[in-house]
Amino acid sequence: MTDFLSADWLGTPAWFWLVFLVIVIALTAFDLGVLNKEDREMGVAESLKLSAFYIGIAMLFGGWIWFERGPEPGMQYFTGYFIEKALSIDNVFVISLIFTYFSIPAKYQYRALLWGIMAVIVLRGLMIAGGAALVAEAYWVLYLFAAFLIVTGIRMFFTSDHDPDIGNNPAIRWISRHMRVTRELHGHKFLVRTPSEKRGGRMVLAATPLLLALVVINIADLVFAIDSVPAIFAITTDTFIVYTSNIMAILGLRALYFALAAMVHRFEYLKYALAAVLVFIGSKILVSDFILGGAKFPPVLSLGVTLALIGAGIGYSLWKTRGEEMVKPPE
């Protein structure tokens, strides 16, 4: 057993992964068994308290990494965590649009978010494993990540926001063509059996609007992951740090959603701070390899600049939009 726990898995002892897995399972069980026992709307105050709990868990986990593995991995974890957390604010805006489009009441949204995030844990794992394999085989892939981040950041500075065309999403069109879809919700169910006129009244499996919302949310997350995963690989190629910082930030998103959804319009200037973060993180790789002669960019500087930019973006947004009212989600 000792040999198994100390065995190397993706560059990290297996027992580190087991500790992380236990935390994720415990938090998910807490969500399923306590928070999701019945359908109900989560208020802003409860959302903020629950968010503080999840952020506290993430901070403690980062402190544990710092203690067990040293300051550098610890700072890399916190840098990745804060970048993913800030990027998730944009994700909240899109999720809010998706729920509004499908007319999903607030009391069913938490359930959809919970199952969506469980899918994200798997999908992000596959993306990060693929990215780690690419970087391990060819270091120059990091330069592609760096260039992508710089270009993405510059585009964010100069392109205006636009709402996604949810109705023309290819996945929605495919489901609608290949499966019966109900017009109305059936409580918190994703799939139901309904009578089919084409089959003489036989009961057939049908998707509900809640399932369609769940599918679109997961597709939206994959799109956001195209930015966030390269950003964290630009900070570190340690697969454990990349994955855990990503997932710890996402785990608390479902709790934070109900507070942010009501005031996401107040973060309109945060995108410029995020753009600056992406350009900075991408440039860091090029500066380290081509100007500093391969010397490591100080992790404390990366963390400090990231926090300063995100903090400035949030602070300026809240100051510029002070006095604006919160937007109530659909009943």
(request) Identify the heavy atoms of L210 and H188 that sit nearest to each other, and give their distance. (result) CD2-O, 3.4 Å
(message) Donor-acceptor pair, distance only, cut-off 3.5 Å: does the side chain of S317 make one with the backbone of L270?
(response) yes
(request) Hey, could you give me the OG1/CG distance between T28 and L114, rounded to the nearest 0.5 Å? (result) 7.0 Å
(request) Kindly indicate whether the side chain of I150, heavy atoms from C-beta on, has any atom under 4.5 Å from the side chain of L286. (result) yes
(request) Calculate, to the nearest 0.5 Å, the distance between atoms CZ and OG belonging to F78 and S245 respectively. (result) 11.0 Å
(request) Would you indicate whether the side-chain heavy atoms of I241 and R69 approach each other to under 4.5 Å? (result) yes
(request) Any chance you could measure L142, atom CG, to T237, atom OG1, to the nearest 0.5 Å? (result) 6.5 Å
(request) With side chain to side chain contact (heavy atoms under 4.5 Å, CB included) as the test, would you mind laying out the steps for L253 and L113 before giving the verdict? (result) CA-CA 9 Å; L253 176 61; L113 286 171; 6.0 Å; no
(request) Side-chain contact test, heavy atoms from C-beta onward, threshold under 4.5 Å: evaluate it for R124 versus E84 and give yes or no. (result) yes
(request) Please check if L60 and F20 belong to a single hydrophobic cluster, counting links between Ile, Leu, Val, Met, Phe, Trp and Tyr side chain heavy atoms closer than 4.5 Å. (result) no
(request) Step through the shown structure and confirm whether more than 12 heavy atoms of other residues, nucleotides or ligands are within 6.0 Å of CD on E137. (result) no
(message) Show the nearest heavy-atom pair for residues A86 and L274, with the distance to one decimal.
(response) CB-CD2, 3.4 Å
(request) Over 60° means perpendicular and under 30° means parallel, so classify the ring planes of W17 and F240, tilted if in between. (result) perpendicular
(message) For a quick test of reading the model, state the closest non-hydrogen atom pair linking Y81 to A58 and the distance between them.
(response) CE1-CB, 3.4 Å
(message) Please find the pair of heavy atoms, one from I247 and one from I121, that lie closest to each other, and give the distance.
(response) CD1-CA, 3.9 Å
(request) Mark yes or no for whether N218, through its side chain, and L214, through its backbone, hold a donor-acceptor pair below 3.5 Å. (result) yes
(request) Before giving the answer on side chain to side chain contact (heavy atoms under 4.5 Å, CB included), spell out for I281 and T306 the whole-Å C-alpha distance, their side-chain angles and the decisive distance to 0.1 Å. (result) CA-CA 9 Å; I281 294 298; T306 300; 4.1 Å; yes
(request) Would you please test Y101 and V216 for side chain to side chain contact (heavy atoms under 4.5 Å, CB included) and show each step? (result) CA-CA 11 Å; Y101 179 84; V216 179; over 6 Å; no
(request) Using a 4.5 Å cut-off on heavy atoms from C-beta on, say whether the side chain of Y272 contacts that of Y316. (result) no
(message) Has T208 got a side-chain atom pairing as donor or acceptor with L191's backbone, closer than 3.5 angstrom?
(response) no
(message) Does W64 form a ring pair (Phe, Tyr, Trp, His ring centres under 6.0 Å) with F67? I'd like the steps, not just the answer.
(response) CA-CA 5 Å; W64 174 70; F67 177 77; 9.3 Å; no
(message) Closer than 3.5 angstrom, by distance alone: can the side chain of Q109 be matched with the main-chain N or O of I104 as a donor-acceptor pair?
(response) yes
(message) Just so I know, are the side chains of F99 and I217 near enough to count as touching, which here means a heavy-atom distance under 4.5 Å?
(response) yes
(request) Drop me the distance from I232's CD1 to I83's CD1, to the nearest 0.5 angstrom. (result) 6.5 Å
(request) Could you state whether F61 and L303 fall into the same hydrophobic cluster, counting links through intermediate Ile, Leu, Val, Met, Phe, Trp or Tyr residues with side-chain heavy atoms under 4.5 angstrom apart? (result) yes
(request) Evaluate side chain to side chain contact (heavy atoms under 4.5 Å, CB included) for T182 paired with V192, printing each intermediate quantity in order. (result) CA-CA 9 Å; T182 66; V192 293; 3.9 Å; yes
(request) Please examine the side chains of I310 and K85, heavy atoms only from C-beta on, and report whether any two atoms are closer than 4.5 Å. (result) no
(request) Taking all heavy atoms of M156 and all of K271, pick out the closest pair and write down the distance. (result) O-CE, 3.0 Å
(message) Testing the basics here: between L185 and P209, what is the closest heavy-atom pair and its distance to 0.1 Å?
(response) CD2-CB, 4.1 Å
(request) Evaluate the side-chain proximity of Y54 to M248: yes if any heavy-atom separation is below 4.5 Å, no if none is. (result) no
(request) Answer with yes or no whether the hydrophobic clustering places L87 together with L222; edges join I, L, V, M, F, W, Y residues whose side-chain heavy atoms lie under 4.5 Å apart. (result) no
(message) Could you check whether any side-chain heavy atom of I235 comes within less than 4.5 Å of a side-chain heavy atom of S302, counting everything from C-beta outward?
(response) no
(message) Quick check: is V120 connected to I128 through a chain of hydrophobic side chains (ILVMFWY, heavy atoms under 4.5 Å apart)?
(response) yes
(message) Side-chain heavy atoms nearer than 4.5 Å, only ILVMFWY residues, links allowed to pass through others: does that put L134 and Y243 together?
(response) yes
